[in-house]
Protein chains: 2
Amino acid sequence: MAEHDLAPHELRVVVAVEQARSFSGAARDLGLTQSAVSHSVRGTEKKLGAVLFERGRRGAVPTPAGERAVAHARRVLRLLETLAAETRAAAAAEAAGGGPCAPDGGTVAGPLRIAAFRSAALHLLPPALAALRARHPGIEPEVRVVRELGRGTAGEVADGRADIGIATIGTSSPIPRGLVGGVLVEEPYSFVHPAGHPAPRTLPLVDWAENCTSYTRDWWAGQDWIPRATTRTEDDGAVLAMVSAGHAMAIMPALSLTGAPPSVAVVDLGPARPTRSVGYVTTSEQAGSQVVRALIRELRALRAQP
Amino acid sequence: MAEHDLAPHELRVVVAVEQARSFSGAARDLGLTQSAVSHSVRGTEKKLGAVLFERGRRGAVPTPAGERAVAHARRVLRLLETLAAETRAAAAAEAAGGGPCAPDGGTVAGPLRIAAFRSAALHLLPPALAALRARHPGIEPEVRVVRELGRGTAGEVADGRADIGIATIGTSSPIPRGLVGGVLVEEPYSFVHPAGHPAPRTLPLVDWAENCTSYTRDWWAGQDWIPRATTRTEDDGAVLAMVSAGHAMAIMPALSLTGAPPSVAVVDLGPARPTRSVGYVTTSEQAGSQVVRALIRELRALRAQP
DNA sequence: TCGTTCCATGAGGCGCGCTCATGGTCCGGC
DNA sequence: GCCGGACCATGAGCGCGCCTCATGGAACGA
């Protein structure tokens, strides 16, 4: 049995090839020769005993086995970064604080890649990140907005492209296998319409692609009226703009309504209102890392004091 | 900035040094020279910019930074194993099933390191592992017997030396922080004595080091007799041997009595009998992995059909 | 047919991780 | 006190593995 293990540079090559969907492109990205990439991939495939990429005229496309390997490779690389950052931080804390030094919760440092859906990135993360940076200046957060469609932010985490994802969690989109997570806030939907409109129910309802209608469907079923028409827009920002301009009404979650202009009237839907769960998703490895835990702590703290 | 990353063999060295608490010991364990270990650790420390081990006359002891680094190193290595195993499994599934291939939950394969206390390893695991191998031939289980003393099997799991531990779970030994687990069986203690003995209560009581007396203490308190004498032996196997030979009586859990010879009489203690909980302990990371879940499933299936 | 754009392959240089050999330091024993 | 042993450190040298350079083959479009 080949006890050969995969070196980090081999993992990087495989990740780059998947991203570039081409050997020569990956070589350019990595500052290597196309030959080096070809040799490296071949060696990796030999060690694993599996073909990772289907080579074609138009580049290289990963096989199912390759997809898996790449996703894990990204996670390994990320964990190596974490190892280095946390070890350095621990050493620095030890040198500075001297003495027996707090075993945990000392200095936290290193990069933190966050994937979030739009309204969370705009309204939920900024205060949390401000508090995080204030407490731990060494952390370097990086937020990427990901549309909550398909595999959504959880997919980014599963594929190793993010350390933690801010996602909507529900029965129709549970936490995927192999990932861990938790609910941060249960936020209510409200009825929004142009302020001062005499008959908002006569306006067309607008919806947006990311909005999971399953949250509001039950509520609609219990109503004694249905909207005149339903149109669909790009995102919740566009919905808010249309409502603000007086052209539509909508059912929107609280997070999308943060900082809504006064031209938008927000009406609480009462005790039977629909709600959605917003939570975090991360990998089991990262769940143990200091940076991820620190962010979750700040997010939890916000819940009490928004 | 040194963009150098840590190679798997460097991680292995660091882990081995932590385990052996000595450079030369780690070298022996790895089949390397003491010099190689010294060079490797020094290089790793240089790359990380942190001292990982305090070298002394009596070996090497990890610094706080070293502890962190080792813990992460074990995770990285484990994740690399998972990468290889899952990639191979995906490739095999692809080759066999052909077609678009199930994205998940298909073939389960890879190493599975189990720590168990003696009687569980002897009587609980074999049927579960047999069923596991039958269902998933790709899994490579490895059972290590660990005395349920001190940190016990849970300690093995916490330290990354096992993926799952079979442990006794109770108020005096709860599931440690940071680990997850569950109860598999609630098993009763029985009174055992030499078959045909006219007055078994006159025999001395034997106990063994691993047996947590807290389980049986309450029961003894409710009895109207106390044993003539109490002696302590190595393990439950020795206890059974002494009872079988006619020299003693004992209070033993069902698992230790599996396959007891006919020379041992087992007496049910009735509805007020003491019981103990046997369960599994694993890390939150491993809890999500396919192999661990598969084993737990088999163990649960056994509960119904022992 | 030629040019372009992919990936594959063979030969050679060179860095890195290994071993061997040796040295330094602290300890306990006679 | 001095030696022997158990540690780890360090320098020299060797060989394997990874990279580059150069070249080849295959597919596609003009």
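Chain letters run A, B, ... following the sequence lines, proteins first and then strands; every chain starts at 1. Keep in mind that this is a model prediction, so the values were computed, not measured.
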Inset, instruction - Estimate the overall bend of the helix from dT1(C)-dA30(D) to dC30(C)-dG1(D) from the end axes over five pairs each, rounded to 10 degrees. - result: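 One end axis against the other gives 10°.
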Check [Y] with [X], please: is the shortest side-chain N to carboxylate O separation under 4.0 Å?
X	Y	value
Arg133(B)	Glu140(B)	no
Glu10(A)	Lys46(A)	no
Arg118(B)	Asp236(B)	yes
Glu142(B)	Arg113(B)	no

Inset, instruction - Test Glu156(A) against every option in Arg75(A), Arg151(A), Arg161(A) by the salt bridge (charged side-chain N to carboxylate O under 4.0 Å, His left out) rule and name the one that passes. - result: Arg161(A)
Legend entry - Residue list, salt bridge (charged side-chain N to carboxylate O under 4.0 Å, His left out) with Arg78(A), at least two apart or on another chain: Glu81(A), Asp163(A)
Legend entry - Nucleotide-resolved protein contact map, nucleotides 6-19 of chain D, B/S/- at heavy-atom distance under 4.0 Å: -BBBBB------SS
Inset, instruction - Flag yes if more than 12 heavy atoms outside Arg58(B) fall under 6.0 Å of its CZ atom; otherwise flag no. - result: no
